[in-house]
*Asks:* 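Before I ask anything, here is the structure I am working with.
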Amino acid sequence: MEKRCLLWYLFSYYKWRRDVYYLMEKLPGDPRYPIVGTDYTFIGVPKEELFNAFIGSIKKYGPTFRTWNGSNHELHLTKPEHLELIMNNSIHITKGYQYEILYPWLGQGLLTSDGARWFQHRKLITPTFHFKILENFMNVFVEKSEILLKILDAKADGSVHNVHSDITHCALDIICETAMGVNVNAMSNDDNEYIKAIYDISELFVWRAVRPYISDFVFQYLKKGRRFREDLEILHGFTNKVISDRKKILEKKGRKADTSDKDDLGIKKRSSFLDLLLEASDGGRVLSDTDIREEVDTFMFEGHDTTTAGMSWTLLLLGNNPEIQEKVFEEVRNVLQDKPTPTSLNELHELKYLECVIKESLRLYPSVPFIMRRIKQDIQIDDYKIPENVQIILHIYGVHRNPEHYVNPDKFDPDRFLPENSAKRHPYAFIPFSAGPRNCIGQKFAMYEEKTILASIVNRFKLTAVESMDNIKLTSDIILRPANGVLVKLEKRM
Ligand code: HEM
């Protein structure tokens, strides 16, 4: 019986591989060679040209093509209609093999898990992103924006400054406080062990992602492997300590965390995502401490680089388009009157043109330019029959620049997002936060954060970019960022 099962398994596997090879042979793409696959096309390409080289294949072979990352096949899709087939189907929620390098840090958090576990956790965590909870985070957005404004005040001296790290530190302070209820003060002091480990591990992920031929076994013996383990120890140690301290405090108080919690001075305290997860965990019966740590770590990973990149690109685009910047400024002044920053969700909702600007920035420069899935059922795409378990790269960047859906797609034109101009657009032609059941759970949080910080900056300063958009190099590890940071001149408006 066992022998027959094994034979059946081997036969199915052989048939699957044959079907995949047949499909890959049919699809357009660069010639494939043993060991390197098609990765040889990137050899010698400078880091800041890699993304363009990668995207270049869309023009060369799109809309549907294939690459080989070493011996791993990859099918690329760039048309909204095709992305919808996968993203809008709750069967195809399994992530690609590329996410495995995140497991040691994020474990089975929302981003990396699938199946029943993902479904249960998503259902449990969704209410923690309710707008009533997000409203509670406005205090954090405002407080951190005010600190950022002070830092930028000192840079409004007529000379060129790179404000990328200021934006990064601000986003990190926001996510630490909202996710864990901890103030790491990255804006005043980035010499923090935890912050340094986040930077370092992100770098190591990228290093590994472009070297699929280095196995886990080999990696653990490399110097970088040791660094990776040290970073992990710091990151997990920090989150574990925050969780256990918070649990003790809540147990001592003998009551659940709630958003109207007051401190000893009677001042309303903020609830963090961690507090909400601890409350939902039902004393460990629904979520264990490890489950909670994995979700908090996932928020930390997903919740700062993405918004930093979004704000960085918006600042560069505004610094290159003074008329659009003036329109944003006028709107902000109208809504805020004499205030330096927005302070309520109502005000943020009134900043409609700024929202168009942020969306148009995310269209041109989506923080997450592509995502990966492994499909769980055969599907038909045009003339191609795609067998189950094929690895697919879904090109968010490619979709956003598709001339069939955007006239003059490389032009920065926020008016595209006015209601009258976007009503007829294909629903999958604008998907910076992905779409369907596995869309970004933090998208409202991200929009509120970006709006608060950007409105505060534009309200206080006139920005002039130093590099023109055509000259700015794009670099993408996991996140799409400007290679040289955000080089701007700041002029105080008041
Ligand atoms: C501009 C900012 C952001 C962008 C562009 C963005 C984009 C995305 C995208 C494209 C995905 C799908 C990833 C995939 O399928 O591989 C995703 C998932 C996710 N994002 Fe975001 N994100 C942003 C901000 C945030 C923030 C602020 C948080 C948390 C506070 C967050 C938490 C998550 C989580 C937990 C997932 C996994 C959801 C699931 O699979 O159920 N994101 N995000």
Side-chain angles (χ1 to χ4, degrees), residues 83 86-88 90 92-102 106-115 117-126 128-130 133-134 137 140-141 167-168 170-172 174-180 272-274 276-277 294-314 355 358-374 391-397 399-400 428 430-454 476 478-481:
L83 267 68
I86 294 165
M87 287 176 163
N88 200 18
S90 51
H92 306 306
I93 58 165
T94 304
K95 299 294 171 81
Y97 70 92
Q98 298 88 343
Y99 294 69
E100 285 168 18
I101 50 171
L102 297 171
L106 308 182
Q108 292 295 300
L110 265 193
L111 180 71
T112 36
S113 59
D114 66 8
R117 181 190 166 93
W118 169 78
F119 186 77
Q120 191 214 358
H121 282 208
R122 175 88 189 202
K123 218 171 135 196
L124 206 74
I125 293 171
T126 297
T128 61
F129 283 85
H130 188 275
I133 309 255
L134 298 183
F137 290 152
V140 182
F141 298 161
I167 306 290
T168 311
C170 182
L172 266 169
I174 287 178
I175 199 68
C176 281
E177 189 123 359
T178 50
M180 302 187 278
S272 62
F273 285 126
L274 169 60
L276 300 161
L277 289 175
E294 290 174 349
E295 298 304 353
V296 171
D297 284 344
T298 299
F299 294 156
M300 288 304 305
F301 171 72
E302 267 287 331
H304 84 279
D305 251 10
T306 46
T307 48
T308 299
M311 291 187 279
S312 300
W313 286 112
T314 308
E355 184 160 323
I358 295 174
K359 284 183 173 169
E360 176 67 345
S361 308
L362 281 170
R363 180 187 73 82
L364 284 170
Y365 303 101
S367 315
V368 183
F370 41 84
I371 59 177
M372 285 68 87
R373 294 281 167 85
R374 184 151 52 90
Q391 303 281 347
I392 301 197
I393 299 194
L394 304 162
H395 281 263
I396 296 175
Y397 181 95
V399 161
H400 287 181
Y428 281 71
F430 180 65
I431 45 166
F433 297 104
S434 182
R438 286 218 82 155
N439 68 353
C440 173
I441 203 169
Q443 53 187 294
K444 278 211 184 85
F445 177 104
M447 284 306 280
Y448 291 149
E449 173 184 330
E450 286 200 25
K451 271 185 158 180
T452 310
I453 294 175
L454 291 168
S476 174
I478 300 170
I479 304 294
L480 185 66
R481 357 163 177 261

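Note that ligands are numbered from 1 as they come in the structure, with each ligand's atoms numbered from 1 the same way. Along the sequence shown, the residues carry numbers beginning at 1.
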*Asks:* For T94, which residues count as a side-chain hydrogen bond (donor to acceptor under 3.5 Å, both in side chains) partner, sequence neighbours excluded?
*Replies:*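 If we apply the side-chain hydrogen bond (donor to acceptor under 3.5 Å, both in side chains) test to T94, skipping adjacent residues, the hits are D114.
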*Asks:* Examine the side chains of T314 and S361 and answer whether a donor and an acceptor come within less than 3.5 Å of each other.
*Replies:*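 Side chains of T314 and S361: pair found under 3.5 Å.
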*Asks:* With sequence neighbours excluded, tell me which residues meet ring-ring contact (aromatic ring centres under 6.0 Å, His included) with F119.
*Replies:*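 Checked F119 against ring-ring contact (aromatic ring centres under 6.0 Å, His included); zero matches.
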*Asks:* Show your reasoning for whether salt bridge (charged side-chain N to carboxylate O under 4.0 Å, His left out) applies to R117 and E294.
*Replies:* CA-CA 13 Å; R117 181 190 166 93; E294 290 174 349; 3.1 Å; yes
*Asks:* If you look at each N/O of ligand 1, which protein N/O atoms lie under 3.5 Å away, and at what distance?
*Replies:*
unit_1, atom_1, unit_2, atom_2, d
ligand 1, 15 (O), K95, NZ, 3.2
ligand 1, 16 (O), K95, NZ, 3.4
ligand 1, 16 (O), Y99, OH, 2.5
ligand 1, 20 (N), E302, OE1, 3.2
ligand 1, 40 (O), L110, O, 3.3
ligand 1, 40 (O), R438, NE, 3.0
ligand 1, 40 (O), R438, NH2, 3.1
ligand 1, 41 (O), W118, NE1, 2.8
ligand 1, 41 (O), R122, NH1, 2.7
ligand 1, 43 (N), E302, OE1, 3.2

*Asks:* For the residue pair F137 and F445, does the interplanar ring angle fall in the parallel (under 30°), tilted (30 to 60°) or perpendicular (over 60°) class?
*Replies:*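 If you compare the ring of F137 with that of F445, the planes turn out perpendicular.
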*Asks:* Enumerate the residue pairs fulfilling salt bridge (Lys or Arg N to Asp or Glu O under 4.0 Å) with a member in residues 441-453, sequence neighbours excluded, ordered by first and then second residue.
*Replies:* E355-K451
